[in-house]
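In the text below, chain A, chain B and the rest are named by the order of the sequence lines, each starting its count at 1. Here the structure is a predicted model, which means the values were calculated and not measured.
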Amino acid sequence: MEYAFKDIEKKWQQFWKTHHTYKTEEVEGKPKYFVLDMFPYPSGAGLHVGHPLGYIASDIYSRYKKLCGFNVLHPMGFDSFGLPAEQYAIQTGQHPTKTTQENIARYKEQLNKLGFNYDWSREVQTSDPSYYRWTQWIFLQLFNSWYNPKTNRAEPIDSLVDQFKLEGRSSHGAEPLTGDIEEEQESFTAEDWNRFSDSVKQEILMPYRLAYLGEAFVNWCPALGTVLANDEVVNGYSERGAHPVERKLLKQWSLRITAYAQRLLDDLAVLDWSESIKETQKNWIGRSEGASVFFVTENGGKTLEVFTTRPDTIFGVSYLAMAPEHNLIQELTTEAQKADVEEYVYRSKNRSERERMADVSSVSGVFTGAYVKHPLTQNLIPVWVADYVLVGYGTGVVMAVPAHDERDFKFATHFEIPFLSVIDGGSKNQDAKLPWTEKDGTLVNSGPLNGLMVKEGISAAISLFESNGCGKKRINFRLRDAVFGRQRYWGEPIPIYYDGSIPKPLPVSALPLTLPEIDTYLPTEQGDPPLGRAENWKFESHCTYELSTMPGWAGSSWYFIRYVDPENKEAFVDQEKINYWKNVDLYVGGAEHATGHLLYARFWTKFLYDLGLIPFNEPFEKMINQGMILGRSSLIHRVKGENTFVSKGKLEGLDTSSMHVDISMVNADVLDVEAFKKWRPEYADATFVFEDSGAFLCDYEVEKMSKSKYNVQTPDELVERYGADTLRMYEMFLGPIEQSKPWDTQGITGVHSFLKRFWKLFHLSGRFEVKEDDPTQDNLRTLHKTIRKITEDFERFSFNTGVSTFMICVNELMDQQCNNRQILEPLIVLLSPYAPHITEELWCKVGNPEGSLAQTKWPKFNPEFLVETSHDYPISFNGKMRFKLKAELSLSKEELLQKVLAHPETDKWLEGKNPKNVIIVPGKIVNVVL
RNA sequence: GCGGAUGUGGUGAAAUUGGUAGACACGCUAGACUUAGGAUCUAGUGCCGAGAGGUGUGCGGGUUCGAGUCCCUCCAUCCGCACCA
C-alpha cells in the first residue's frame, strides 16, 4: 500500500482546522511553555525554503513540549506595517491594506501547507487598529513617564511634577536625563514652578519624558522622505532600499532608550542567547567608563564638556577638537578664523557619511582661533574643529593627547601642534615610538599625578577633578535615543495633537487614532508627511494631529505580549493571563535583528515592567538563531562570442564564461537541454557539447537565494512533490539549526524514502498490519535506544541528529521485520513532532481515536532494555585500535587483561616486547602501551 | 584594528563527559528485479597501497596511556562593530 502523502496531508490539515486542535487556553496548575517565531513581514514574494527553517524547528519543539505535558503557546501573526507595501501603494495607487491582506493570505496558505501547529485564533496584525490602538496606548505611557535615576526605574511623570512642586530643580548639571547627552538645565524653585504657565511647564517636562519631542541630529533619508533610527542605517545607506542617508538637525519624536542602557547591558548576562548576539548588543550599547572634564574658554564665557576614558593623561592635553556639527563652533570662532572654519564646516558636513568613513587615513581640521584654559594648569589650549570627532558620540568634543592616542598623534604631527609625553612606558617603551597607547606605565610631567601607574592615575585624576570642580566620573554610552517618528503613511499614527504649539497626548478614550484616507501616499507640497493630506483630520475638529507615524519596530516591540490576550478591548493584556504565560521561553529567528528589534523589545519590556504592567523584565529567555539557507545556483559554460554551450567535463582548452541558469531546468547537475532551448529565443538554435555519456553537466555555486541568480526554491513545489512531512524533516536533516548551509534538493530523496520505509513497517505484508505479539529483546532495545536519543536531542535542540536517529531506528526495525504494536505505537508518538501528518494517519490506523495523537504522552524510556552483559572492546596498542574483543562486562580488569594477552592478534602487535602498561577502562576500551 | 563564530570524505554532516573518527543521508561503483519509475532491493565506497600495512579531523607545537574534543602559535572563511575619545 502506497504512502499517499498528498491525501494524508490534506486530510489532516483540514482536520486540525475544523477541530481547532491547536487552540490553546490557560490551564490552572499546568506548566506553561511559550514558543515564539520571529514576526514575519508579509512580503509580496512569499516564502522561500529558507524562511520556514526556524518555523519548522519551533513547531517540532512545541509539539514535543506538548507531549511532555506542557501547556504550549505557539502563536503566529504579521508585522504588517512597513515600507514595501507603501512603496507599492505609491506606484500603483492601491491602498496598502489591500496588498498587505493579499500577502498575508498567501503567507498563511504557505505556512498551513507545512502543517504548523499555530493557534491561529491568536493571530495579530500590527496594522489592524484593534492592535495598534494598544501600540499607541503604550506610546502614551512612555510619554507620561520619566526615568527616575534615584529609584532607577520609569515612573509616572506626576512623580517628577510633585518633586518640582515641592523642591523645584537645582542646577547641578542634568542628572535626571540619564544616558544621552547631558545638557545644562536651569534651576528653579518650587515657587517658580507653581507660577509657570502650562506651556513653560510642558516645555520643562518634555525632555524628561521617555517619549519626547526634541531637536537632535537624525538620519535623514531624502529618497524615502523620512528619518531613520541608527539601526536602520548601514554604512551611510538606508537598510531598506539602500538609499543615501545624511545627518540633519530636526525636531523629532524620540524614545529615551538610553535611560535603560545600563540595565540592557547588565541583564544580557542572564539571557540564554548566542554569544555573538550578546556581543553585538554590548558593542551597540558601548559602555565606557571615564570622566567628564570641563574646559572654560579663555574669556570665561563658555564651558566645553569633554568625555575621556584617559583622565590620567590630563597633563598631556595639547588641544581640543570639536566635531564639525558642534553647535558652539560659530560662537567660539574668532573673526580672523571665521572664513576658514566656515569653509571647513561646510565641506565636512557635505561629505557623505560614507565618504567620511572610507577616508580614515587623511587628516583634516581647522583652528578656531579660540583657546580654553587647562582646568588644572590654567595653560591656554587651542580649540580645533576636526572631522575625526563624531557629533554622535560623547559630547562631540575631544581632549587631544597626541603622545598617547593614535588619531590625536596623527593630527598633531600633521598640523605641527606641540605636545608632551606624560607616560613613561618603562623598559617596554625604550625603543617604542610615540604614541604610547598602552594602559601601562608611570605618569610623568603630570604634577600631583607623577609617579602613579596608569590605573591609579585614572582614579586619582578623577578625584582631583571632583575636588577642583572641573570634572567628574562619568559613564558614557554609545547607544543613542531612538528616533521614533517616520514621515510616512503606512505606520501607526502617533497619538499626539497640538494645542497651539504644545504637543499633548490624546486621551485614551480617543484611541485608536486610525489612519485617515488620503488621495496619494506622497508628502504634501509644503513638505509635510503624507498624513498632512488628510482632510478635516483634526482632534476635536480644531487641533492638528502629529503627522509622523511610528517606525516599523513599534508594533514588533510588544507583539509577543498581545498573543497572550489578542482580543482584549479593555487592556493591552489581561493581568491574569500575562501572569500565567509570562515571557517567551524559546524564541526562534534570524540573527539580523540584534541591534534593532531585539533591543527595542527588551527596552519596552523593561518599561512595562517598571510600570507594573507585566511580571517580567526580559522578553525572551532563550533564543535560537537559525542559519541562513543558501541557494545552490547552476551555472553553464558558454564559449566566448559563440552560441555554443559546453558541458562541465569538456571545458579543457576552451575559452568560456559561465552564466546562471534556472535551477528548475537542472536535475542532479544535469541540464534539461530541451527546456533550456525554450528558455530564451536566442538559445533555440544553440549548439551543445555533451559529456561522453550524452548528458550535459552544469557547474554549481553556493550563494544567497535571489531571483537574479535563478536559484530560489519555494517550499510549495517541494511539498507538492514530496509532501510537507518530507520537507520538514529534510530541512532539519541538513545540519545544525544555527548553521548556514547550502540548499541542495538532491538529498531530499533520502528523507522521503525514510518516510516510505516507515510507512512500510505498518504494511509489511502489502496491506496494513500490526502484530499484537510481544516484541523481541532486539525490538525493545531499538525502541528504547531511540526514545533516549530522541529525547536527548530535543533537550539540546539537535534536530538533525534526531532525524538520523529515526532513520537508524527504522533501518533496524526493518531488518528485524518488526511490526509489533508495542514498538510501533510509541514510535509514532516519537516521530509525530517531526512528521505530524503521517503519524496522525498511522495513529488512527492502529486503532486510536482521530486526532488524539496531540493529547497523548511522550513515551517513557526504560533503561532495562539497554542493559548489556558484554562489550565489544576495541583493543588499542599505543592508542591505535587494532582489533576488537568481545568480553563479559562482569570480568575484572585482571581477567580482561589475561583475555587480551591470550588473544592471538596480541602477539603480532606486541612485536615481542613486554607491555609497559595496560590501560583498562571497563565497558569502554583497552589500551596496551609498549 | 577590536570582538564573535566556524574549519572533519566528492557533498550535507555525526562523534553529547578526552576513549573504535566519518554514524545517518546524498552522490558514486557493481549487481538484482522490473509493467523502464525521479521506483525498490543487495554489496561496496576517507585517502595511499596489489597486499600486509601506512596515513588521516585547516597548519605547527604541547599536555595525556589515549586528542576532532583540552592548552599555545599561526592560517583561512563568515558575521558584527569600527576615527568610540
Ring geometry between A:Phe794 and A:Tyr61 (parallel below 30°, tilted from 30 to 60°, perpendicular above 60°)
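Ring orientation of A:Tyr61 relative to A:Phe794: tilted.
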
Angle between ring planes, A:Phe5 versus A:His752, binned at 30° and 60°: parallel, tilted or perpendicular?
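Plane angle over 60°, so perpendicular.
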
Nearest-neighbour nucleotide for the A:Leu390 side chain, B:rA85, B:rA25, B:rG4 considered:
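It is B:rA85.
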
If you check every side-chain atom of A:Trp284, which of B:rC81, B:rA85, B:rG54 has the closest atom?
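The closest nucleotide is B:rC81.
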
Syn or anti for B:rG9, given that syn means the glycosidic angle lies within 90° of 0?
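What B:rG9 shows is a syn base, its glycosidic angle lying within 90° of 0.
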
[M] and [N], which share atom name [atom1], separated by this distance in whole Å:
{"N": "B:rA15", "M": "B:rU69", "atom1": "P", "answer": "15 Å"}
{"N": "B:rG3", "M": "B:rC74", "atom1": "P", "answer": "12 Å"}
{"N": "B:rA43", "M": "B:rA23", "atom1": "P", "answer": "15 Å"}
{"N": "B:rA21", "M": "B:rG56", "atom1": "C1'", "answer": "9 Å"}

Within the 4.0 Å heavy-atom criterion, would you say A:Asp408 contacts the bases, only the backbone, or no part of the nucleic acid?
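Here A:Asp408 touches no strand at all.
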
Pick base, sugar-phosphate or nothing for A:Lys760, based on heavy-atom distances below 4.0 Å to the nucleic acid.
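It contacts nothing in the nucleic acid.
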
A:Lys756 vs A:Glu2, test: salt bridge (charged side-chain N to carboxylate O under 4.0 Å, His left out). Steps then yes/no.
CA-CA 8 Å; A:Lys756 281 198 259 183; A:Glu2 284 266 308; over 6 Å; no

G-U wobble or Watson-Crick pairing nucleotide for B:rA76 (cut-off 3.5 Å, both distances)
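B:rU6 - that is the nucleotide pairing with B:rA76, both distances being under 3.5 Å.
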
B/S/- along nucleotides 57-72 of chain B (protein heavy atoms under 4.0 Å) is --------BS------

Within the distance-only criterion (no hydrogens, no angle test), does the side chain of A:Lys760 pair as donor or acceptor with the backbone N or O of A:Met814 below 3.5 angstrom?
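Looks like no, no N/O pair under 3.5 Å.
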
